[in-house]
Amino acid sequence: MLSEQRRAELHNLLLQDCGSCHGMTLKGGLGPALTPDVLKDKPREFIEFTIMEGRSGTPMPPWKDILTRDEILWLVDTLYTGVRP
Amino acid sequence: MKMISNALYAVVLLVILAGCNSLRGTGDMGVVIERATGSVQIIETTQQTKLSQVDGLGDLSHASIVFSRDERFAYVFGRDGGLTKIDLLTAKIDKRIIQSGNSIGGAISQDGRLVAVSNYTPGGVKVFDADTLKLVADIPATYGKQKQQSKVVGLVDAPGQKFVFSLYDAGEIWIADFSQADEPEITRFRDIGKQPYDGLITPDGRFYIAGLFGEDGLALLDLWHLEKGVKGILRDYGRGSKKMPVYKMPHLEGWAMTEDYAFLPAVGRNEVLIVDRRNWKQVATLPVHGQPVFVMARPDGRQVWVNFAYPRNDTVQVIDTEQLQIVKTLKPGKAVLHMEFTPRGEHVWISARDAGKVTVYDTGSFKVITTLPMKKPSGIFFTSRAHRIGL
């Protein structure tokens with residue numbers, strides 16, 4: 001279980017740092033949109049794997065050395081339900 | 001009667017004086033983006049203060065600004081395709097349009113008449129009348145047999161009423177020439193390298209350089225000799241060392257250059273590349289604190305300041321361009337995003353997003369002059385950019 005403080009940090013990371021490529025509203029930028037309507041047809045495992053390992057041939061980096069699996073799963077959950085600013 | 005006229009005179013005089021007092025130039029003014037709240041702070045660099053706030057600018061992640069040639073108006077390019085013209089003197093929005101679904105930056109033409117925006121969705125460049133923000137030209141960045149539209153990056157102005165930009169998905173550089181008509185003449189350069197992520201133009205307006213993400217090296221175009229085409233430079237700068245994951249793309253805005261050398265960020269490496277300006281060959285790599293994002297020269301060229309990508313982004317390092325070594329390491333706060341020098345370089349303003357502040361440093365003593373609290377500050381833009389090619 002992640003602490004409230006850690007969740008706040010991850011929320012900031014999602015909006016600000018993921019947002020630098022995916023847009024602060026996650027509607028896309030250099031990277032694709034990550035809004036719930038876009039994600040709903042994609043398997044969660046695929047999104048989890050992409051965050052863990054990155055995607056070769058694109059600027060998406062692997063986050064597994066920076067974030068724990070629990071943290072990545074929290075990010076995936078948050079993306080599928082929609083991120084509030 | 002005389003008393004009345006004296007009183008009237010005094011009132012009139014007061015009004016005139018008050019009017020005089022509010023007159024000011026804009027040459028020491030600037031704008032700081034508050035990316036999370038869709039607002040900007042108008043600031044001045046003489047007393048280092050915030051003057052006023054302007055709200056309602058939309059999604060300002062990765063927002064940037066150019067200035068009108070009279071330095072009165074700021075054009076703010078928002079992520080959500082918003083293009084907003086702000087009057088710095090009244091601190092009000094003069095005009096605002098949503099010109100695309102997703103945009104990344106902009107430029108203003110040599111004569112100040114045209115403002116161009118580079119867009120991700122739909123991929124291309126749109127050009128507007130700087131006065132009215134009416135559409136002048138639409139340039140879809142189409143490529144390939146399927147006529148896909150590429151994301152456009154690295155848009156700059158160039159002498160001769162031109163805009164130069166790079167196509168991220170297509171690996172091309174295009175020139176749009178508006179010198180003859182509002183219907184631009186387009187020159188395309190294909191196969192310039194994989195995934196150009198940003199571009200810059202030298203201060204003299206002669207060389208356009210696109211940084212490549214998909215491979216090592218950069219693409220160089222001599223605008224004085226288009227017949228020579230695009231040339232690859234620094235093709236093997238990373239040879240022998242392993243490329244690390246990139247958590248934030250480097251930015252090539254501005255141009256860190258001294259008489260002999262140019263300083264560029266290496267992609268995926270904790271290095272600044274030092275290049276001989278005469279032949280564009282690499283002369284050295286300088287190990288630095290993290291992966292460089294901005295590599296910017298103080299206006300006199302004596303120092304180069306560097307900030308870094310996540311997660312090593314609480315630090316700024318200063319390189320002495322004569323000794324080619326780091327002379328100072330500063331910690332302005334969490335998530336340093338941007339740096340801007342005052343026009344003659346005595347101060348530098350540095351934004352720290354997660355620390356919620358902009359810090360002004362003396363570039364000689366490295367002492368903090370002042371700290372200004374702001375909400376998630378990112379880009380800092382001073383009006384002196386109005387008179388510099390490529391900014």
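Just so it is clear: chains get the letters A, B, ... in the order the sequence lines come, proteins before strands, and each one is counted from 1.
- Heavy-atom neighbours of chain B within the stretch residues 24-33 of chain A, taken at a separation under 4.5 angstrom, comprise A/Met24, A/Thr25, A/Lys27, A/Gly28, A/Gly29, A/Leu30.
- Residues forming a salt bridge (charged side-chain N to carboxylate O under 4.0 Å, His left out) with A/Lys64 (at least two apart in sequence, or on another chain): A/Glu53.
- In this structure, the side chain of B/Arg96 engages the main chain of B/Leu57 through a donor-acceptor pair within 3.5 Å.
- For B/Met249, the part lying near chain A is the side chain, with the backbone staying farther off; criterion is any non-hydrogen pair under 4.5 Å.
- Proximity to chain B (any heavy atom under 4.5 Å) is shown, for A/Asp65, by neither the backbone nor the side chain.
- With respect to chain A, the highest number of heavy-atom pairs below 4.5 Å among B/Gln195, B/His62, B/Lys151 belongs to B/Lys151.
- In this structure, the side chain of B/Ser150 engages the main chain of B/Tyr168 through a donor-acceptor pair within 3.5 Å.
- B/Thr359 is linked by a side-chain contact (heavy atoms from CB on, under 4.5 Å) to B/Lys357, B/Tyr361, B/Val368, B/Thr371, counting only residues two or more places apart in sequence or in another chain.
- In this structure a side-chain-to-backbone donor-acceptor pair under 3.5 Å is missing from B/Ser351 to B/Gly379.
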*Go through B/Asn119 and B/Gln99 one step at a time and tell me if the side chain to side chain donor-acceptor pair (under 3.5 Å) criterion holds.*
CA-CA 9 Å; B/Asn119 290 318; B/Gln99 55 82 38; 2.9 Å; yes
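- Contacts of B/Ala335 with chain A are absent, with no heavy-atom separation under 4.5 Å from either backbone or side chain.
- Relative orientation of the B/Tyr247 and A/Trp63 rings is perpendicular, given thresholds of 30° and 60° on the angle between their planes.
- Between B/Trp174 and B/Tyr143, the ring centre distance reaches or exceeds 6.0 Å.
- Contacts from residues 38-45 of chain A to chain B, taken as heavy-atom pairs separated by less than 4.5 Å, involve no residues at all.
- With a 4.5 Å cut-off on side-chain heavy atoms, B/Phe381 and B/Ile33 count as touching.
- The environment of NZ in B/Lys331 is crowded: more than 12 heavy-atom neighbours from other residues, nucleotides or ligands sit within 6.0 Å.
- At a 4.5 Å heavy-atom cutoff, the contact between B/Lys376 and chain A is made by side-chain atoms alone.
- Salt bridge B/Asp59/B/Arg35: absent, no basic N to carboxylate O contact under 4.0 Å.
- Residues B/Val358 and B/Pro377 come closest through the heavy atom pair CG2-CB, 3.8 Å.
- Partner B/Leu252 forms a side-chain contact (heavy atoms from CB on, under 4.5 Å) with one of B/Val156, B/Leu200, B/Val295, B/Val153 and no other, that one being B/Leu200.
- In terms of heavy-atom pairs under 4.5 Å with chain A, the best-connected choice from B/Asn102, B/Asn313, B/Ile104 is B/Asn102.
- Heavy-atom distances place no part of B/Asp80 under 4.5 Å from chain A, backbone and side chain included.
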